[in-house]
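Below: the structure, in C-alpha cells.
Sequential numbering from 1 along the given sequence is applied to the chain's residues. Fair warning: this is a prediction, and the values are worked out from it, not measured in the lab. Counting starts at 1 for both ligands and their atoms, following the listed order.
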Amino acid sequence: MEPRATAHIPEMITLMETLIARGHAYVADGHVLFDVPSYEPYGKLSGNSRDEIVAGARVDVAPYKKDAADFVLWKPSTDDQPGWESPWGFGRPGWHLECSAMSHKHLGANFDIHGGGRDLIFPHHENEVAQTCAADPESGFARMWMHNGYLSVDGEKMSKSLGNFHTVRDLLEDWPGEALRFALLTAQYRQPLDFTFDLLKQAKASLDRFYNALAQSAEPAAGPVPDDVLAALNDDLNSPQAIFIMHSLADGVFRGEKGAGAALRGAGAVMGLLQSSAKEWFQSGDDDEAGEIEDLIAQRLAARANKDFAEADRIRDDLKARGIDLMDGPEGTTWRRT
Ligand SMILES: [Zn+2]
C-alpha cells in the first residue's frame, strides 16, 4: 500500500478534533498546534527534553504558540497554495500529521516496525508518536524503530547542490543490481555507509568469489538458512556478519566441504543474493555483445580446425583485451566477463 497524504485529509481533521477534545491541541490564529507540555512522555524517542528543545528553538518563536516547543498540526493556506476546507478554515496539514493519520488508519494503533533515516528521529518521529499516542491512549505506536545511518559519497554528505549523488538508475547502466545491493549490505543499516566506486568493485569481487564457489559446488539446491547467518540477521540485521559467514562458507566450498555449497545458496536466498546461476552472473551485460562473443568463439573454433592457431589466438587475445575470458573445457568453450 502506498497511501497518499492528500487522500487522508478527513482522517487528519478527525485526529486534530480528537487532540483538541483531549486537551492536547489548540487553535490559534488559523493554526492548530500540538500542546507539547500537555503530553508528558514527549521526548522519549529522541532523548530530547522539552527544556532542551525550547533552549534550542529559534529566538523568534511564532507569537501564536503557547509554548516554544509546540508544533503545527494545521496551517492556513492562501488561494494559490494547496489547501483544503477544515473547521479552522482553508489550510493544509503540517508535515508530521499525515504520518500519524495514515499509519493509524492502515496499520492500526499498534504496529511492528517504523523505518526512516536517523535525521527524522527528531522532530518528525517524536511528533508522530506524540500525536498518535496523545489522541489514542490505547496506542503504543511502533513496537520497533529502525533508523538507518547516513549514506555519504566519497566521504562527503550527499547533496543535490554538490551534485555528488548517484541514482540507482544511473548505476545500473554499468553495474549489476546485485553488486549494488551487496555494497549496501556491507554496513549494518544503523551505521553510516560511505559509498565509493571502490566499494562497488569490492562488492562485485565478493560476488565473483561466491559465484565461483557455486560454479564449483556440486550442490545445486539451496539448503536451509544456516543457523549462524540467521543469528546474525536476528541481531538487528547484522548484515556484515552474515556476509563474513558467507565468505567462510565459500572457503568451505573451495576446500570441498560437504554441504557448504547448499549452505551458501541458503544464506544467499535470505539475503536476496546469489539468485542467478554462475553462468548468468559471469555473462551478464549487453545481450547483443553476448551474441557477438558466441560468433567469435565459433570463428575461433573454425580457425583451430583449420590449424590456423595464430588466428585462434588473435581472437582469444582480442576478447581478453575487452575483459572477456574464454575457458576451454571438455564440453566446449565457455566465457565470462572479468
Ligand atoms: Zn513520517
- Item | His124 backbone or side-chain N/O/S under 2.8 Å from the Zn ion (ligand 1) | yes
- Within less than 2.8 Å of the Zn ion (ligand 1), any N, O or S from His96? no
- Hey, are the side chains of Asp318 and Arg322 touching, using non-hydrogen atoms and a 4.5 Å cut-off? no
- Matching residue for Tyr42 among Val129, Asn48, Val36, Asp35 - test: side-chain contact (heavy atoms from CB on, under 4.5 Å):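 For Tyr42, the side-chain contact (heavy atoms from CB on, under 4.5 Å) test succeeds with only one of Val129, Asn48, Val36, Asp35, which is Val36.
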- Message: When you measure from the side chain of Arg22 to the backbone of Ala134, do you find a donor-acceptor pair of N or O atoms at a distance under 3.5 Å?
- Response: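 Between the backbone of Ala134 and the side chain of Arg22 there is a qualifying donor-acceptor contact (under 3.5 Å).
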- Item | Closest Glu128 atom to the Zn ion (ligand 1) [N, O or S only] | OE2
- Among Phe254, Phe210, Phe182, which one satisfies ring pair (Phe, Tyr, Trp, His ring centres under 6.0 Å) with His247?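 Only match with His247 under ring pair (Phe, Tyr, Trp, His ring centres under 6.0 Å): Phe210.
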